[in-house]
Amino acid sequence: MADPGSQSVRSASQEISREFKTLVDSQDLDSIKQSQNLILGRLQDSNAVLSHFNEYSENCFSEVSADFSRNTRLLRSMKSDLDYIFQKLRSLKAKIMETYPDAFPDDSAIEALDQRPDLELPR
């Protein structure tokens with residue numbers, strides 16, 4: 001059986017809950033719920049779009065990653081080949097300069113001969 005102390009606590013809590021209900025308008029609560037449901041729907045749509053984009057990006061990356069790594073290896077190989085070629089050219093030029101000192105023009109003559117624009121510098 002219910003003892004009188006718990007009965008008074010129950011009636012007091014019911015009275016407090018009735019007072020809280022009078023403080024808040026039910027229309028305001030309904031509009032808040034509606035806004036929250038609208039925001040939830042938008043977030044779920046955004047999540048679906050982002051998930052689809054992530055899957056698409058993953059597929060694109062898997063398609064191009066093999067080509068990208070192969071081309072990277074090719075470029076590194078070409079760079080090392082070019083470095084070796086230029087090293088040999090510098091060595092040959094040094095040997096020619098030792099044997100024939102007048103074979104190459106000095107710096108002022110090089111500037112007069114080479115009139116190409118410098119593509120490395122921004123304009």
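Atom set for the values below is all heavy atoms of this structure, side chains included, hydrogens, waters and symmetry mates excluded. These numbers were taken from a predicted model, which means no experiment stands behind them.
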First locate atom [atom1] of [X], then atom [atom2] of [Y], and finally report the distance between them rounded to the nearest 0.5 Å.
| X | Y | atom1 | atom2 | answer |
| --- | --- | --- | --- | --- |
| Lys79 | Ser77 | NZ | OG | 11.5 Å |
| Ile39 | Arg42 | CD1 | CZ | 7.5 Å |
| Met97 | Asp102 | CE | CG | 8.5 Å |
| Ser57 | Leu50 | OG | CG | 10.0 Å |

With a 3.5 Å cut-off and sequence neighbours excluded, list the donor-acceptor pairs that the side chains of residues 25-36 form with protein atoms.
residue	atom	partner	partner atom	Å
Ser31	OG	Asp28	O	3.1
Ser35	OG	Ser31	O	3.0

Whether the side chain of Ser91 engages the backbone of Gln87 through a donor-acceptor N/O pair (distance < 3.5 Å, no angle test) should be reported.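 The answer is no, because no donor-acceptor pair under 3.5 Å joins these two groups.
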Heavy-atom closest contact (Ser62 atom, Ser65 atom, distance):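 In this case the closest contact between Ser62 and Ser65 is O-OG, 3.5 Å.
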Using the side chain to side chain contact (heavy atoms under 4.5 Å, CB included) rule, take Leu89 and Lys93 through it: C-alpha gap first, then chi angles, then the decisive distance, then the call. CA-CA 6 Å; Leu89 285 173; Lys93 184 177 178 182; over 6 Å; no
Start with the C-alpha gap between Val49 and Asp45, add the side-chain angles, then the distance that decides, and say whether side chain to side chain contact (heavy atoms under 4.5 Å, CB included) holds. CA-CA 6 Å; Val49 168; Asp45 290 346; 5.6 Å; no
Please list all pairs meeting salt bridge (Lys or Arg N to Asp or Glu O under 4.0 Å) that have one or both residues in residues 50-77, counting only residues at least two apart or in different chains.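 As it turns out, the salt bridge (Lys or Arg N to Asp or Glu O under 4.0 Å) pairs with a partner in residues 50-77, which skip direct neighbours, are Asp67-Arg70.
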Neighbour count >12 (heavy atoms, 6.0 Å) for atom CZ, Arg18: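 Yes.
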I'd like to know if Tyr84 and Leu82 are part of one continuous hydrophobic network [Ile/Leu/Val/Met/Phe/Trp/Tyr, side-chain heavy atoms within less than 4.5 Å].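 Different hydrophobic clusters.
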